[in-house]
Each structure stands twice: as structure tokens, then as C-alpha cells.
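Note that this is a predicted model, so its numbers are computed, not measured.
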Amino acid sequence: MATVHLRIGDLVWGKLGRYPPWPGKVRSHILWNRGPLCVCSAWIKVEQLKPYHAHKEEMIKINKGKRFQQAVDAVEDFLKKAKGKEQNSDGKGDSKGKKTPNKPLKILDEDDEDLSKGRWDFFICLVPVSMISKNLPLIVQVTGSTSIQAADSTAINGSITPTDKRIGFLGLGLMGSGIVSNLLKMGHIVTVWNRTAEKCDLFIQEGARLGRTPAEVASMCDITFSCVSDPKAARDLVLGPSGVLQGIRPGKCYVEMSTVDPETITELSQVITSRGGRFLEAPVAGSQQLSNDGMLVILAAGDRTVYEDCSSCFQAMGKTSFFLGEAGNAARMMLILNMVQGSFMATIAEGLTLAQATGQSQQTFLDILCQGQMASTFVDQKCQNILQGNFKPDYYLKHIQKDLRLAISMGDMANHPTPMAAAANEVYKRAKALDQSDNDISAVYRAYIH
């Protein structure tokens, strides 16, 4: 492998896992932005970087997206301004002598002992090039951590050593399909089952094995994951005919990834452990797109040893994972997160319709929103969905309404008021009455215009 010679301040192309190469700039330290501009970052190995100028034409040919072009335009604009400043300073002299050259980076060669062992002791962090003139792109940092969360960067870069345990997966819906695809891509041995058997065909072609029933999958596999729609479906999968419980033997692991209430988790944990099984809940925060990209956030609770056994699986499907203690805690946290997201989405839809009702441009409203403190990919994508009338599901509206209902019930049990969630829940119920259940959560907008 050729050595990559880079210095602090160099412009580069950084390759992040399955994402296309993106332009950025090398920095020597992190700069965190706590203002209205959102800085996203991810760890990148040095050999996944290419000098900007030498590879510009190549990268432009293979990447045609609008945002990619905007990023390239930002770099070129930055270069023009920098060149202009240099020309203006020519001839003025510098009494302090020659400019100190940039400090070179440490280079990783293929023969380096740490690299050959698969360790990630040296990283570079890439952030959006739109921040380039604000000195916020690439950083160099040394780390020696070996925890699951520190290892999440290896998932992003596709450098995972898959567990040798046999993995089962039940439920190939919006989230489950992306999870299974990433497990297979990262080399895991996966057996799948779905209520609608035809959904398994694509994964069989990708190398998965087929289980005839949930019980068979649980009996064949060391760790069985499930990801279904609601508490009833989760219970039926375990307790129903040919259910998971029939396949549980001492030492078998069951991981419940569905977003359900804490009471359901407690019940499932008890029945699994009563058969000598080991139980973990691990609901995920994200969407279909994030599931496909392997960028989910996993919230886990229950048996810590199962969490550790699932390390390579969680790295394949997500960007980070949290262990929250005893079973039920992840369900509580997940419902709170989805309560906030659902309420926020309803408020955004309300703002868009109020803008229209008062003669204001909805597009201008979005443009202003995306320049302020609430700017986020979520806001941008969901508002664009609404403005384009595109409600293809990334997260089902019926599921966010279910989560709001469960969160309100959880608040009642804790004697804690949830008036904002209750109001949002009524809006989603109206959207469901307008046949929006199987559309994206952004279709809550239609509850305001009908």
C-alpha cells in the first residue's frame, strides 16, 4: 500500500464506509460547535484519504449528487479566496522570515504492527466541507480504547470481525431488513424468519438461511434477534404457537429490538430466563434509511454478557450503542425519545400549515428554520417530504402514534403529566383516521389540511 503524505491544513477526499468520498480538511485538534451550525463527524483511517487536487477529476466523475456538488463548490470557493489573499500579500515582504511549514501527520503503513493486528490507534475525523472556511474539518487523534462504543468507528469503516455465534433474526420490516442486510455484509451467519415468507427471499439470495418458525430459529441459533411492530406482535412471537419460547434452551440468547412498553419487556425477560435463556432488550433509534446505512443508535438493557456477545452485531447495524442497566430501562428511554420526536414532527407540520394559512412561503419557512438552532437532517428531510408531497415511509406514522400512546401511559403510571405528547397523539390519531397509518410520520401534516 502506498504511503499517504498529508499535512495539517491539506484538503483531502475522505471515504467513510459505504458512503461516497467527501472533501474535507486536515486539522490538528477538535473544534466543537455548540451554536446553530451542526457539525457531524466520523473516524476515518488515514489510508482512506486521498489528496484533494490529485483526485478531484476522478471524484467528480463518480459522484453526481446535488449536495456533493455543493461541497465541491464550497472547496473551490475557499481556494479562490485563499489564492486572492496570497496574491494581495505578494511583494509586501515578511520581516519575520519564511512561513513555518505545516506539521506532517503520522503515516500508517501496511507493515505497522498495530495496523496488522486490526487495531485502530490512529484516526482522522471528517466533518462537512461547508464548514471548511470556519476551520472545522479534519482532526487527528490517538485513542487506545477497546470498549464497544469506541469500536463503533470500525463498523462505519467496514472493519468488523464478525462473531462466530449463529445469529437468528425475526421480522424483516422497515428496520429489520436493513439490519439483516448489514449483518450479512459484515460476515455474520444469519438465519431469518418473517411472517410473510416472501420477504426472506432476497436475504436468502444474499447468503442468509431460512427458518421455518420462530421456534426453529431460536433452537438453531445462539443469539436470536426480533424486531416487530408492537407489544402484541412481540408477545405472540415468543409465546404463540411455534414461538421463540419453544426453541429456548439453557444458554440461548434472545434480543428484543421492538419498541414496546416496559411491562412487555419484563414479561418476555421472565419467560426467557425461566427456560435458562439469556435476555437483552435493544430497541433502536433511527429510520429505514439509517437502518440501511448501518447508522442506528442501539439502546440496550438486561443481561450485560449478552450485550457483550452482540458487540459485532451492534457494530454492523449501528453507529453507537448504550447499555442502560436492568431490563425495561431501554424501553423507557426509547419511548421518551420517540415521544419527543413525534411531538416535534407534529409541531413542525403545524408550523408549515400556519405559514400557509397566513400567506407565508412554506419554503422560506423551511429555509429560515434550517439556518437556525433547530437545523437538522431530520427537519430538512421531513419538511422536504411535506413540500414535495412524498410520504413514502421511513418510519411508519402508525408506529410513532403507538409510541406516543405508550409514552403517555408510562407517564400516567409514574404520575407524570405529558400534555404535549397527549396533544400530538390526537393529531396522529386524526392522521390515521385519514388513512395515513402506512405513510411516513411526516404525513401527520395531512391532519392539519383536511
Side-chain angles (χ1 to χ4, degrees), residues 147-152 170-171 175-176 179 223-235 237-239 244-245 248 252-275 277-287 290-291 295-315 317-344 395 399-418 420-421 425:
S147 70
I148 281 182
Q149 286 179 259
D152 291 331
L170 312 174
M175 307 295 278
I179 290 172
I223 304 173
T224 300
F225 294 85
S226 73
C227 188
V228 293
S229 58
D230 56 35
K232 183 180 184 303
R235 286 190 178 96
L237 199 60
V238 174
L239 304 172
V244 167
L245 193 59
I248 291 294
K252 296 282 187 182
C253 301
Y254 187 64
V255 182
E256 181 58 79
M257 304 194 77
S258 313
T259 300
V260 298
D261 55 283
E263 292 71 33
T264 296
I265 291 298
T266 299
E267 179 182 357
L268 296 181
S269 176
Q270 289 174 349
V271 296
I272 295 295
T273 56
S274 71
R275 295 288 184 92
R278 299 155 62 205
F279 181 85
L280 185 76
E281 59 168 331
V284 292
S287 62
L290 292 175
S291 176
M295 297 293 283
L296 296 169
V297 175
I298 299 110
L299 311 182
D303 190 325
R304 178 81 191 217
T305 63
V306 180
Y307 175 68
E308 293 167 355
D309 286 345
C310 292
S311 174
S312 71
C313 297
F314 289 157
Q315 289 176 47
M317 66 180 76
K319 65 178 180 179
T320 192
S321 63
F322 295 85
F323 185 78
L324 304 178
E326 66 181 22
N329 283 344
R332 295 180 183 94
M333 186 67 79
M334 191 74 255
L335 290 177
I336 295 168
L337 290 169
N338 282 359
M339 178 190 75
V340 172
Q341 177 176 273
S343 301
F344 183 52
Y395 192 94
H399 289 170
I400 201 72
Q401 190 273 321
K402 174 262 298 181
D403 296 343
L404 281 163
R405 172 175 55 81
L406 294 176
I408 293 166
S409 176
M410 186 171 69
D412 289 342
M413 294 182 68
N415 196 29
H416 183 81
T418 53
M420 302 301 291
N425 187 45

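Between Ser311 and Gln315, the side chains place a donor N or O and an acceptor N or O closer than 3.5 Å (distance only, hydrogens not considered).
Scored by the salt bridge (charged side-chain N to carboxylate O under 4.0 Å, His left out) test, Arg235 finds Glu267 as partners (sequence neighbours excluded).
Annotation for Glu281 and Phe279: closest pair N-CE2, 3.9 Å, computed over non-hydrogen atoms. Closest heavy-atom contact between Gly286 and Leu296: CA-CD2, 3.8 Å. The two residues Val306 and Val255 have their closest heavy-atom pair at CG1-CG2, 4.0 Å. For Leu280 against Ala301, the heavy-atom pair with the smallest separation is CD1-O, 3.2 Å. Looking at every heavy atom in both residues, Gly302 comes nearest to Phe323 through O-CZ, 3.4 Å. A pairwise comparison of heavy atoms in Leu404 and Asn425 identifies CB-OD1, 3.9 Å as the closest pair.
In this structure, the separation between OG on Ser269 and CD on Glu326 is 10.0 Å, given to the nearest 0.5 Å. Between atom CG of residue Asp303 and atom CD of residue Glu308 there is a gap of 9.0 Å, rounded to the nearest 0.5 Å. In this structure, Ile248 CD1 and Arg278 CZ are separated by 11.0 Å, a value rounded to the nearest 0.5 Å. Once rounded to the nearest 0.5 Å, the distance linking CE of Met257 with CZ of Phe314 reads 5.5 Å. Separating the OG atom in Ser258 from the CD1 atom in Ile265 is a distance of 7.5 Å, to the nearest 0.5 Å. Atom SG of Cys313 is separated from atom OH of Tyr307 by 12.5 Å, given to the nearest 0.5 angstrom.
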Can you list the steps and then say if Gln341 with Ile400 is a side chain to side chain contact (heavy atoms under 4.5 Å, CB included)? CA-CA 8 Å; Gln341 177 176 273; Ile400 201 72; 3.8 Å; yes

Apply side chain to side chain contact (heavy atoms under 4.5 Å, CB included) to Leu239 and Leu245, showing your working. CA-CA 6 Å; Leu239 304 172; Leu245 193 59; 4.1 Å; yes

Which is it for Val238 and Tyr254 under the side chain to side chain contact (heavy atoms under 4.5 Å, CB included) test, yes or no, and what are the steps along the way? CA-CA 10 Å; Val238 174; Tyr254 187 64; 3.5 Å; yes

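Sorted by first and then second residue, the salt bridge (charged side-chain N to carboxylate O under 4.0 Å, His left out) pairs involving residues 223-233 (not counting sequence neighbours) are Lys232-Asp236.
Using a distance-only test at 3.5 Å, with no hydrogens or angles considered, no donor-acceptor pair links the side chain of Ser409 to the main chain of Leu406. Of the possible polar contacts, one joining the Lys402 side chain to the Thr259 backbone as a donor-acceptor pair under 3.5 Å is found.
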Atom pairs and distances, donor-acceptor, side-chain atoms in residues 329-339, under 3.5 Å, two or more places apart:
| from | atom 1 | to | atom 2 | distance (Å) |
| --- | --- | --- | --- | --- |
| Asn329 | OD1 | Arg332 | NH1 | 3.1 |
| Asn329 | ND2 | Leu324 | O | 2.9 |
| Arg332 | NH1 | Gly328 | O | 3.1 |
| Asn338 | ND2 | Tyr395 | OH | 3.2 |
| Asn338 | ND2 | Asp403 | OD2 | 2.7 |

